[in-house]
Structures are given as C-alpha cells and as structure tokens.
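As structure tokens, the structure follows; a few thoughts come after it.
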Amino acid sequence: MTVRTRPWETPRVSPCPQDFRVVVRIDSWEATSVYPNGHFVRVLGRIGDLEGEIATILVENSISVVPFSEAQMCEMPVNTPGNPWKVSPEEERERKDLRETHLVFSIDPKGCEDVDDTLSVRTLTNGNLELGVHIADVTHFVPPNSYIDIEARTRATTYYLADRRYDMLPSILSADLCSLLGGVDRYAVSVIWELDKTSYEIKKVWYGRTIIRSAYKLFYEAAQELLDGNFHIVDDIPEFRDLDEKSKQAKLEELVWAIGKLTDIARHIRAKRDHCGALELEGVEIRVQLDEKKNIHDLIPKQPLEVHETVAECMILANHWVAKKIWESFPHQALLRQHPPPHQEFFSELRECAKAKGFFIDTRSNKTLADSLDNANDPNDPIVNRLLRSMATQAMSNALYFSTGSCAEEEFHHYGLALDKYTHFTSPIRRYSDIVVHRLLMAAISKDKKTEIKDNLFSNKDLEELCRHINNRNRAAQHSQKQSTELFQCMYFKDKDPDNEERCISDGVIYSIRTNGVLVFIPRFGIKGAAYLRNKDGLVISCGPDSRSEWKPGSLQRFQNKITSTTTGGESVTFHLFDHVTVRISVQASRCHSDTIRLEIISNKPYMIPDTELFHQSSLLLKSDLVKEVTRSVEEAQLAQEVKVNVIQEDYQKYCQTKGRSLYTLLEEIRDLALLDVSNSYGM
C-alpha cells in the first residue's frame with residue numbers, strides 16, 4: 001500500500017521521506033488495535049510531483065510497468081533498416097491476399113501508434129457490397145505459452161492514463177509489426193461480409209487470415225471532414241501529398257465514396273440494434289492538452305463525430321459475428337462478454353430526476369429505456385437529456401468476460417448493445433481477451449476445414465479463471481485511468497488563482513440534490529463534484545439581489561427535486577434540479593490523501609461566457625458505445641446520505657473472490673463497492 005508520511009511518523013530511512021509518497025508492507029494487524037503493523041519498502045516520489053503521483057496510482061492498482069525481459073524480447077521478430085521484416089512465402093500461400101484487390105484504411109485518434117483495426121468496402125461484380133473488418137494478427141507473433149504470451153496474460157490489458165500508456169505487448173509488435181500502418185504489408189485476421197446492395201442485409205460471411213496493405217492512416221477529424229465534403233483537409237493527409245492533381249482527384253473520390261458507404265452501412269446496423277433496444281448512453285472523456293514542456297495547457301472534452309459511430313458499429317458487428325462463430329464451434333469453452341440487466345433500484349434517481357422535468361422513464365427493458373431517453377428532450381436545454389443518459393450510464397452493471405461453459409445461454413445477452421452474443425475480437429494489441437478469441441476463431445476455422453487444431457484451447461475451468469483475472473485487471477485499468485484524469489484536473493487548477501483566474505469560473509448544471517448540498521456537472525471540463533450549501537461553520541449559502549453568494553447563519557430544507565437555503569434574516573434561495581449556476585473551481589489539498597477538486601457556487605445564475613472563451617466550450621458530451629464516466633470525486637460519496645446495504649452485500653458476494661496481489665488492493669475494491677450507490681463504471 002502507499003501512504004503519505006507525516007512529520008511525527010517519519011520512518012528511519014535515508015533520505016528522510018517526509019512529504020513523499022512511500023510504499024509500506026502490512027505485516028500483521030492485531031485484533032485489539034486500530035492500527036496495522038508494517039515496514040517501509042520504498043519511496044515513490046514527492047507529494048504533488050507528477051511522476052511520483054503516477055507511480056502511486058500504478059502501485060495502488062497493482063499495475064506492473066517493468067520493462068519486458070530479455071527472454072521475452074528474444075522471441076520478438078526483427079524489423080530494422082538493415083534487416084526489414086517481410087511477408088514469408090509460406091504465409092503468402094496460406095493467406096488470402098487483399099493487397100491489390102481491396103481499398104483498406106484505418107480511422108483512429110490523431111497520433112495513434114497501436115492501430116488494431118482497418119476497414120474496407122467495395123462493390124462486387126454482382127452489384128452487392130462487400131464489407132471487411134481487418135484486425136491485426138497478433139497471435140501469429142505470440143505463440144501460446146511463450147514467454148511473451150505469459151507476460152501479456154499477466155498484464156491482461158494496455159493501461160491508458162491521461163498522458164501516457166503502458167503497453168501489454170512490446171513496441172516492436174504494438175507500434176510496428178502488429179500495427180496496421182499505412183503503406184506497409186501486414187498480417188491480419190479478417191471478417192468479410194457480402195451485403196445486399198440496397199437493404200445492406202448480410203448474405204454471407206467469411207473468416208480467415210489475410211495479408212493487407214492499408215492505403216490510408218486517417219485520423220477521425222480528417223475522415224469526418226471528407227464525409228462532410230470539406231476537401232481542404234486533404235493537405236493534412238500524408239498519402240495525398242506527393243500525388244499529381246489527376247491521381248489525387250481519383251484517389252480522393254474513391255476514398256470519399258468508401259467513407260460515405262461505410263457510414264451508410266453503419267447507420268443501418270445501428271438502426272437494427274436500436275430496434276432491439278440498444279442504448280445510446282452518455283459519458284465524458286477528457287483529453288489532456290500538453291505544451292512543448294509537457295505542462296498542462298488545457299483540459300478538453302473530446303468531441304463526438306459521426307465517424308466515431310461508423311467505426312464503432314463496424315467493430316461491434318465483427319465482435320458479434322465472431323462471438324456467434326466461436327460459440328457454435330466451442331459451446332462450452334468460448335470467451336464471450338456479457339452485460340447483465342441492471343438492478344431496477346439503481347434507476348430510482350434517474351426516474352425521479354426525469355419526473356422533475358415532466359418526463360417518464362420506463363426501465364422495464366433496454367428497449368423501453370432507450371425509447372424513454374429518446375423522448376426525454378428539453379428543447380430549451382439540450383444538456384438535460386445528456387445528463388439523464390449519464391444517470392442511466394451510472395445505473396448500469398459492469399460488462400464482464402465469461403466462459404460459455406459456466407452459465408446458461410440465456411445469460412449471454414449484452415443488455416447495452418442489445419445483442420444475444422458478444423465478445424472482444426477487434427483489439428488484440430491491447431487486450432488479452434482478444435488474443436484468446438483470435439485463437440478460438442482460428443481453431444473454429446480449422447474445425448470447419450476438418451484440419452488439426454494447432455493451439456491448445458483453455459478448458460472451461462481454466463478459461464473462467466482467466467476471465468476473472470482479466471476482469472480484475474480491467475477494473476484496475478478503469479480505476480487508474482479515472483485517477484489519472486482526476487490528478488490532471490487537480491494539477492491544471494492547482495497553479496491558478498480561483499479568485500482571479502477566468503478559467504476557474506464556469507457554468508455548472510445541478511444534477512442531484514443532497515441533504516447539505518448539490519452535485520454539479522461542469523461541461524467545460526467534464527468535472528462532476530459536490531457543491532456544499534452549508535459550510536463547516538454551519539453557515540448556509542445566501543444570494544443577494546445581484547445573485548452573488550455569501551455565507552450567513554440559517555438552515556437548509558431539502559425536497560425531492562430542490563433544496564432551499566433560508567437565512568435567519570428571512571432571505572431564501574432555492575436550487576432546482578437542472579438549474580444552471582456559476583461555479584468557482586479550486587483544489588482542496590490534503591497531506592493524507594490525493595488532492596481533490598472543490599466546487600463552490602458563487603451565483604445562482606448561469607455563467608455568462610466571455611467571447612474569448614466561446615471557442616473552448618463544448619455543449620456536447622461524448623457519444624460512444626464504449627461509455628465511461630470520467631470522474632466521481634470523493635466528495636460525492638461524502639454527500640450520499642443513503643446506502644443500500646443489501647445491494648452492497650450482493651455486489652460484494654459477486655466480487656469477493658477476486659484475487660488481488662496485496663491486502664491494499666482488496667481494501668480498495670471493498671471501498672469501491674461501498675461507493676456503488678453514487679458511482680458505477682460501465683463498459684461495453
């Protein structure tokens with residue numbers, strides 16, 4: 001575990017670790033003592049220093065970032081200027097070669113190095129369409145039970161923090177030979193569908209190993225510009241720079257047609273899932289913008305683009321069809337991903353908040369919930385619908401990996417995506433679950449061909465144990481990403497004067513009422529947190545004729561959808577759900593815990609945005625099928641007045657068998673369960 005040392009608790013080590021983050025090992029805990037016994041292990045870094053705080057996050061989540069060993073690296077292929085990697089003649093004979101027949105391209109975030117997936121679409125001679133999803137063939141380079149396979153299994157996932165990532169696989173694979181970069185030959189595992197030319201209904205599907213050469217490595221914004229018909233972005237696409245005008249125009253038309261056709265197909269796929277009850281939920285994802293010296297320049301909510309949905313729908317389609325394939329071949333030992341229906345009691349706050357705006361939310365099924373959320377629109381304030389979708393997100397259960405031999409088929413269903421079977425196939429560079437699924441798919445293909453299955457597959461018992469490990473590591477990845485985002489939010493505001501810095505004042509929306517305050521969402525920075533209406537001295541908030549707030553003696557009265565502050569002088573102010581207020585953002589420092597964001601309501605009126613800040617604002621939250629809540633501060637938990645003990649006990653029984661690597665990990669997991677009433681992560 002990690003602790004902050006205090007002056008009177010300084011261990012006898014050199015140098016003196018006062019004001020440092022340190023690791024201690026708990027040796028024993030006497031039943032008669034409130035304090036455990038332990039010993040000092042090592043110093044992580046100074047409190048408040050970025051690297052020290054990041055190291056603390058990693059330790060708290062049992063994330064190992066040691067370099068790959070010499071034995072592991074010796075298994076890696078070579079790709080150097082003097083000895084470049086090439087497609088082998090044997091693989092050319094065994095794989096379907098798409099290099100000259102298919103326009104293959106990727107669409108990823110700007111600067112992405114680990115390109116897992118590429119897409120293709122073309123018209124067949126019979127007039128039908130062919131849609132292809134081509135995924136990096138990681139299993140070709142990672143044999144089962146090799147040193148690198150065992151290491152990847154242990155890590156289970158790539159860990160993405162706000163400013164960095166820690167890879168599951170060495171960079172020679174993750175950023176090079178398994179990354180489907182533009183203009184180079186790569187091995188892939190492909191799912192290719194033939195679609196009806198007008199209805200886009202699937203006629204047939206093919207699975208297999210391929211060789212591809214991606215023609216374009218596009219970033220999302222460029223693809224969206226091309227989709228919208230704004231062709232000036234061509235100058236920012238490297239593949240077009242050295243072409244003559246005639247060739248450029250021909251290739252541009254080909255690419256624009258492909259992106260447009262993919263988008264049309266994705267809309268159709270999405271409409272079918274919507275009809276079955278797929279949920280369009282909301283989350284907030286923050287991008288940390290650093291300057292040249294790696295200092296925090298800004299915090300920017302990521303913008304939703306239609307091409308995000310296009311790529312996501314294609315990946316969901318591939319995951320769904322691969323899930324069906326491996327289950328049909330191995331009904332008792334396939335790795336799938338289930339998303340159970342949420343507990344109805346978790347929707348109570350959503351229903352009450354919607355009722356305050358005159359909306360009815362029917363939560364009996366994913367279909368009724370999706371339809372209710374679609375109808376819950378306030379034309380005067382679009383953010384109301386987004387907050388309601390965010391509340392629905394928080395009510396969701398966690399999606400989990402499982403072995404099909406461990407539960408009945410009716411439990412396979414994915415509630416959020418409205419699919420009967422689902423798995424993860426499309427990101428083997430960064431998820432070990434996908435590596436397992438690739439091996440299952442290859443074994444299924446071999447089984448169809450009545451050839452020998454080369455890989456030894458996991459038994460149901462072993463696969464279920466592996467799924468528990470991967471689920472545990474995924475929770476650690478989500479938790480560490482959340483912590484790192486909170487860290488950067490605090491570091492961004494820590495050096496700013498909240499009384500004079502313009503960016504410390506922002507518009508906030510009240511989305512929950514508590515006994516002694518409200519919970520506020522700040523769209524500009526993606527921050528959610530508590531704003532107290534009664535301070536530590538017992539004074540309550542008061543707003544004068546100019547709407548500015550001050551603290552005065554008085555009392556608070558909480559109602560279902562509002563809270564009223566009344567001073568002893570008879571002045572009163574009422575805050576309603578979904579009211580816009582002006583909020584001051586500051587950082588609350590602590591010697592014993594991580595710094596936290598502190599929100600203070602300074603006016604009961606909306607914040608008037610200066611013209612110079614308008615271009616920074618984001619009125620939209622991120623739409624994504626892989627929905628995440630970015631932050632839930634500790635203050636939210638402190639404001640929660642009611643804890644559903646039976647729900648906590650149920651969830652504890654569900655997770656208590658997770659094997660952490662330390663007592664601290666176990667205690668942290670129990671603490672997380674205690675916060676489920678106000679914070680719940682949801683991932684597809």
Side-chain angles (χ1 to χ4, degrees), residues 87 91-108 115-137 180 182-218 223 226-227 239 250-273 306-307 309-326 328 419 423 425-426 438 441-442 444-445 448-449:
V87 172
E91 293 295 328
E92 264 187 318
R93 288 192 299 270
E94 294 185 358
R95 293 172 181 263
K96 180 179 285 191
D97 194 338
L98 309 181
R99 289 174 289 183
E100 303 299 330
T101 57
H102 290 63
L103 175 66
V104 177
F105 57 93
S106 62
I107 307 176
D108 287 288
V115 182
D116 288 290
D117 54 86
T118 54
L119 299 165
S120 68
V121 62
R122 64 173 184 163
T123 303
L124 299 174
T125 53
N126 62 3
N128 285 338
L129 293 171
E130 183 189 81
L131 169 66
V133 172
H134 316 283
I135 307 301
D137 190 359
L180 306 181
V184 292
D185 295 344
R186 290 291 180 261
Y187 294 151
V189 177
S190 300
V191 185
I192 299 175
W193 301 267
E194 182 179 335
L195 310 176
D196 183 89
K197 59 185 174 183
T198 53
S199 67
Y200 298 148
E201 293 300 316
I202 295 173
K203 297 290 186 180
K204 62 176 72 170
V205 61
W206 178 88
Y207 308 88
R209 282 186 150 133
T210 56
I211 304 173
I212 66 168
R213 183 186 299 135
S214 178
Y216 303 98
K217 183 177 180 291
L218 300 175
L226 294 178
L227 181 63
E239 291 86 353
K251 288 184 174 294
L252 179 60
E253 289 177 4
E254 181 185 40
L255 179 60
V256 170
W257 177 87
I259 295 173
K261 188 57 67 176
L262 280 173
T263 302
D264 285 343
I265 294 169
R267 289 170 185 158
H268 173 81
I269 298 169
R270 175 71 202 201
K272 288 186 68 175
R273 291 199 303 109
E306 187 172 15
V307 290
E309 298 291 329
T310 298
V311 174
E313 285 301 328
C314 293
M315 297 305 116
I316 291 170
L317 183 69
N319 287 333
H320 173 52
W321 278 82
V322 169
K324 292 197 297 183
K325 180 65 177 176
I326 62 175
E328 288 167 0
L419 294 171
T423 192
F425 157 77
T426 54
H438 275 236
L441 180 60
M442 292 302 103
I445 294 169
D448 290 345
K449 294 178 179 178

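Predicted, not measured: the structure shown is a model, and the values here were computed from it.
The CG atom of Leu195 sits 8.5 Å away from atom OH of Tyr200, with the distance rounded to the nearest 0.5 Å. Leu119 CG to Leu131 CG: the interatomic distance, rounded to the nearest 0.5 Å, is 7.0 Å.
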Step-by-step side chain to side chain contact (heavy atoms under 4.5 Å, CB included) determination, Ile316 to Arg273: CA-CA 10 Å; Ile316 291 170; Arg273 291 199 303 109; 3.7 Å; yes

Side chain to side chain contact (heavy atoms under 4.5 Å, CB included) between Asp137 and Thr210, worked out: CA-CA 9 Å; Asp137 190 359; Thr210 56; over 6 Å; no

Intermediate values then yes/no, side chain to side chain contact (heavy atoms under 4.5 Å, CB included), Lys272 and Glu201: CA-CA 10 Å; Lys272 288 186 68 175; Glu201 293 300 316; 3.5 Å; yes

Side chain to side chain contact (heavy atoms under 4.5 Å, CB included) between Leu255 and Leu218, intermediate numbers included: CA-CA 11 Å; Leu255 179 60; Leu218 300 175; 4.2 Å; yes

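Residues that satisfy the ring pair (Phe, Tyr, Trp, His ring centres under 6.0 Å) test with His102, not counting sequence neighbours, are absent from this structure. Evaluation of the salt bridge (Lys or Arg N to Asp or Glu O under 4.0 Å) rule for Arg99 yields Glu92, Asp97, Asp185 as partners, not counting sequence neighbours.
Salt-bridge annotation for Arg209 and Glu91: absent, with no side-chain N of the basic residue lying under 4.0 Å from a carboxylate O of the acidic one. The pair Glu309-Arg267 does not count as a salt bridge, with every side-chain nitrogen at least 4.0 angstrom from each carboxylate oxygen.
In this structure, Asn319 contributes its side chain and Phe425 its backbone to a donor-acceptor pair below 3.5 Å. Under the 3.5 Å distance criterion, the side-chain polar atoms of Thr118 are matched with a main-chain donor or acceptor of His134. With Tyr187 contributing its side chain and Arg95 its backbone, the two residues share no donor-acceptor pair below 3.5 Å. Side-chain atoms of His268 come within 3.5 Å of backbone atoms of Ser199 as a donor-acceptor pair (strictly under, hydrogens ignored).
Nearest heavy-atom pair, Leu180 versus Ser214, reported as atom, atom and distance to 0.1 Å: O-CB, 4.0 Å.
When the options Lys261, Glu253, Glu254 are evaluated for a side-chain contact (heavy atoms from CB on, under 4.5 Å) with Trp257, the one that passes is Lys261.
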